[in-house]
Amino acid sequence: MSNPGVIVIGAGVVGLSAALAAQARGLSVTVIDREGPAAGASAGNAGAFAFTDILPLASPGILWKAPKWLLDPLGPLSVPPAYALRIAPWMFRFWRACSAARVAHSTVAQTALMDLSKAELEPFLAATGTLDMLRRDGNLQVYEGEGELRASLPGWQARTDHGIEFHHMTAREMADLQPGLAPRFTHGTFTPGWYSIADPKLFTLALAERFRAQGGKLVRAEVTALRPLEVGVELTTAAGAGLRADQVVIAAGAYSHRIARTLGERIPLETERGYNTTLPGDAFDLRTQVTFGGHGFVVSRLSTGIRVGGAVELGGLDLPPNYKRAEAMLKKAQAFLPGLKPQGGVQWFGFRPSLPDSLPAIGRARATPRVIHAFGHGHLGLTQSAGTARLVADLLTGQPPAIDLSAFSPQRF
Ligand SMILES: Cc1cc2nc3c(=O)[nH]c(=O)nc-3n(C[C@H](O)[C@H](O)[C@H](O)COP(=O)(O)OP(=O)(O)OC[C@H]3O[C@@H](n4cnc5c(N)ncnc54)[C@H](O)[C@@H]3O)c2cc1C
């Protein structure tokens with residue numbers, strides 16, 4: 001095989017966006033994926049550009065909710081006993097990231113990446129011919145009682161401080177925006193600046209197609225190791241060593257740390273496994289994405305159906321899925337949206353690539369500046385894809401990155 005300029009490992013939304021951004025800077029780019037485009041989390045997510053979600057998941061609020069959630073084996077958060085010991089060091093780091101000082105630091109960094117991602121998104125969609133897939137239909141977070149709304153107010157205050165628009169709503173106002181909510185939801189908050197994509201899998205496939213049409217090469221192979229050379233990087237695949245690149249981007253989602261490990265780098269990437277069911281489009285007349293925050297799931301309106309899903313299962317990459325979680329969320333959705341037709345659904349589960357402080361790793365590898373890490377976006381990989389792509393292109397071309405990358409350093413742990 002020839003020696004391409006840049007090889008991106010991973011044809012998910014992060015890898016393909018980075019590949020397209022690199023192409024736009026005139027670089028010659030190959031994307032390698034062991035299964036082909038849109039094989040991972042980028043296919044089945046909830047489709048939200050959650051730009052207003054600037055508060056890290058690792059925060060005191062989650063520490064209050066977690067014990068209650070953990071009591072329900074099919075609830076919003078679970079740790080399968082078979083993985084409890086393995087995940088303990090990650091959970092310890094997560095807990096440490098929940099201090100007020102660390103949260104404030106992460107929020108500043110997250111806000112900068114969100115602002116960049118939002119600014120980059122529309123030009124990126126326009127340049128890749130995918131702008132017609134963007135929807136500006138906002139998000140409605142609903143609460144069971146005034147107490148739940150009040151408990152959420154500090155988070156909304158932090159968003160006010162960052163200039164994010166939102167509107168608290170009464171049940172009557174919510175009914176105008178989204179008819180059909182169960183009466184138990186007495187309050188809500190609408191964020192108009194929360195966008196979504198018509199369908200995340202079709203979007204990722206469209207990016208792959210665009211990349212190919214512009215002369216990019218997509219190769220199907222599993223990368224098992226990287227090795228720095230005097231000039232460039234050698235990649236080993238199942239077919240053996242010998243593949244070379246000037247620069248490599250690791251964007252292999254929840255598997256990225258395994259590749260980084262072959263360079264001697266230990267990055268505490270874990271997976272927050274999530275589940276969903278996609279129902280036919282006429283299952284419910286959904287007008288906006290609805291978040292049932294107290295129950296850890298969302299209902300999204302996609303061009304391909306109504307998707308009910310979320311949940312976090314800290315079960316690693318190798319345990320089999322437990323689709324009872326998808327069923328439990330669907331059952332709740334039926335109670336929360338009484339008109340919802342639950343028949344004809346397709347279940348899915350996927351791996352959010354998550355670092356303990358809820359920020360991604362974007363930056364150069366310790367072993368060589370020719371390898372760039374771009375992974376660990378957790379719940380926000382689609383949201384932050386255009387911003388990450390811009391930053392990767394900056395690094396690949398030796399430009400100063402558009403935002404300060406110190407908080408995203410892969411070596412921060
Ligand atoms: C239930 C759920 C809902 C979500 N909802 C949202 C949402 O609404 N908005 C949002 O922004 N984010 C959401 N996310 C998170 C989002 O899906 C992820 O952060 C994002 O898809 C990560 O993209 P990625 O490109 O890094 O990884 P992936 O999409 O997982 O892609 C990684 C690719 O790397 C390939 N690969 C792995 N190892 C190798 C190897 N060794 N060699 C070659 N190829 C390899 C895989 O085949 C895969 O194609 C959600 C996630 C889940 C699970």
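Residue indices begin at 1 and follow the sequence shown. Each ligand, and each atom within it, is numbered from 1 in the order the structure gives.
- Residue Val223 has at least one N or O atom closer than 3.5 Å to an N or O atom of ligand 1.
- For Glu272, the side-chain hydrogen bond (donor to acceptor under 3.5 Å, both in side chains) partners are Ser354, His379, not counting sequence neighbours.
- Within a 6.0 Å radius of CG in Leu85, no more than 12 heavy atoms belonging to other residues, nucleotides or ligands are found.
- For atom 4 (C) of ligand 1, the nearest non-hydrogen atom of the protein is Asn45 CB, 3.2 Å.
- In this structure, CD on Glu165 lies 10.5 Å from OG1 on Thr52, to the nearest 0.5 angstrom.
- Looking only at protein heavy atoms, the nearest one to atom 15 (C) of ligand 1 is Gly378 O, 3.1 Å.
- Scanning all protein heavy atoms for the shortest distance to atom 20 (C) of ligand 1 gives Gly381 CA, 3.8 Å.
- Backbone and side-chain nitrogen or oxygen atoms of Ile259 are examined, and none is located within less than 3.5 angstrom of a nitrogen or oxygen of ligand 1.
- The closest non-hydrogen atom to atom 27 (O) of ligand 1, taken over Gly310, Gly253, Ser354, comes from Gly253.
- The nearest protein atom to atom 35 (C) of ligand 1, hydrogens excluded, is given as Asp33 OD2, 3.1 Å; this is a heavy-atom distance.
- Residue-environment remark: NE2 (His105) stays at or below the threshold of 12 foreign heavy atoms within 6.0 Å.
- For ligand 1, the atoms closer than 4.0 angstrom to any heavy atom of Thr383 are 9 (N), 10 (C), 11 (O).
- Considering backbone and side-chain atoms alike, Gly10 places every N or O at 3.5 Å or more from each N or O of ligand 1.
- The single protein non-hydrogen atom nearest to atom 10 (C) of ligand 1 is His379 O, 3.2 Å, given as residue, atom name and distance.
- Between Asp394 and Val392 there is no side-chain heavy-atom pair separated by less than 4.5 Å.
- Interatomic distance, CD of Glu327 versus OG1 of Thr277, reported as 7.5 Å (0.5 Å rounding).
- Residue contact check: Leu380 has heavy atoms under 4.0 Å from atoms 10 (C), 11 (O), 12 (N) of ligand 1.
- Considering backbone and side-chain atoms together, Ala48 places an N or O closer than 3.5 Å to an N or O of ligand 1.
- Annotation for ligand 1: atoms under 4.0 Å from non-hydrogen atoms of Leu382 are 10 (C), 11 (O), 12 (N).
- For ligand 1, the polar-atom distance check finds no N/O of Tyr255 at less than 3.5 Å from any of the ligand's N/O atoms.
- Donor-acceptor pairing under 3.5 Å is recorded for the side chains of Gln289 and Ser300.
- With Tyr275 as the aromatic partner, Lys324 does not meet the cation-pi criteria of under 6.0 angstrom to the ring centre and within 45 degrees of the ring axis.
- In terms of modelled atom types and a separation under 3.5 Å, the side chain of Ser106 and the main chain of Val103 share no donor-acceptor contact.
- The shortest N/O to N/O separation between Ala11 and ligand 1 does not fall below 3.5 Å.
- Contact annotation: for Gln384 versus ligand 1, there are no heavy atoms closer than 4.0 Å.
- Atom 31 (O) of ligand 1 has its closest protein heavy atom at Gly12 CA, 3.5 Å.
- Near Glu222, with a cut-off below 4.0 Å to any heavy atom, the atoms of ligand 1 are 41 (N), 42 (N).
- One finds the CG atom of Asp357 at 4.5 Å from the CG atom of Leu359 (value rounded to the nearest 0.5 Å).
- Between Leu319 and Arg273 there is a side-chain heavy-atom pair separated by less than 4.5 Å.
- Below 3.5 Å of separation, one finds no N or O of Asn276 facing any N or O of ligand 1.
- At least one N/O-N/O distance between Arg34 and ligand 1 falls below 3.5 Å.
- Under the 6.0 Å cut-off for aromatic ring centres, Phe408 and His373 do not qualify, their centroids lying 6.0 Å or more apart.
- When each atom of ligand 1 is checked for a heavy atom of Ala39 under 4.0 Å away, the hits are 47 (O), 49 (O).
- If you look at Thr224 next to ligand 1, there are no close heavy atoms at all, none under 4.0 Å.
- One finds the CD1 atom of Ile197 at 6.5 Å from the CG atom of Leu382 (value rounded to the nearest 0.5 Å).
- Taking the six-membered ring wherever Trp is involved, the centroid distance between the rings of His168 and Phe166 falls below 6.0 Å.
- At a 3.5 angstrom cut-off on N or O pairs, Ile9 does not count as close to ligand 1.
- Under 4.0 Å from ligand 1, the heavy atoms of Pro353 that appear belong solely to its side chain.
- Close contacts of ligand 1 with Ala221, meaning ligand atoms under 4.0 Å from a residue heavy atom, involve 42 (N), 43 (C).
- Ranking the protein heavy atoms by distance from atom 53 (C) of ligand 1 puts Arg352 CG, 3.5 Å first.
- Going from atom CD of Glu265 over to atom CZ of Phe413 covers 11.5 Å, rounded to the nearest 0.5 Å.
- Ala38 does not count as a contact of ligand 1, since none of its heavy atoms falls under 4.0 Å from the ligand.
- At a heavy-atom distance under 4.0 Å, no atom of Leu16 approaches ligand 1.
- Protein heavy atom at the shortest distance from atom 29 (O) of ligand 1 is Ser42 OG, 2.5 Å.
- Checking Thr128 against Arg210 by side-chain atom types alone, no donor-acceptor pair falls below 3.5 Å.
- Around atom CZ of Arg86, no more than 12 heavy atoms belonging to other residues, nucleotides or ligands sit under 6.0 Å away.
- For Asp285 and Arg287, the salt-bridge test passes: some basic side-chain N is under 4.0 Å from an acidic carboxylate O.
- At least one heavy atom of Gly47 sits under 4.0 Å from some atom of ligand 1.
- Compare Ala238, Ala252, Ala43, Gly350 by their heavy atoms: the one nearest to atom 32 (C) of ligand 1 is in Ala252.
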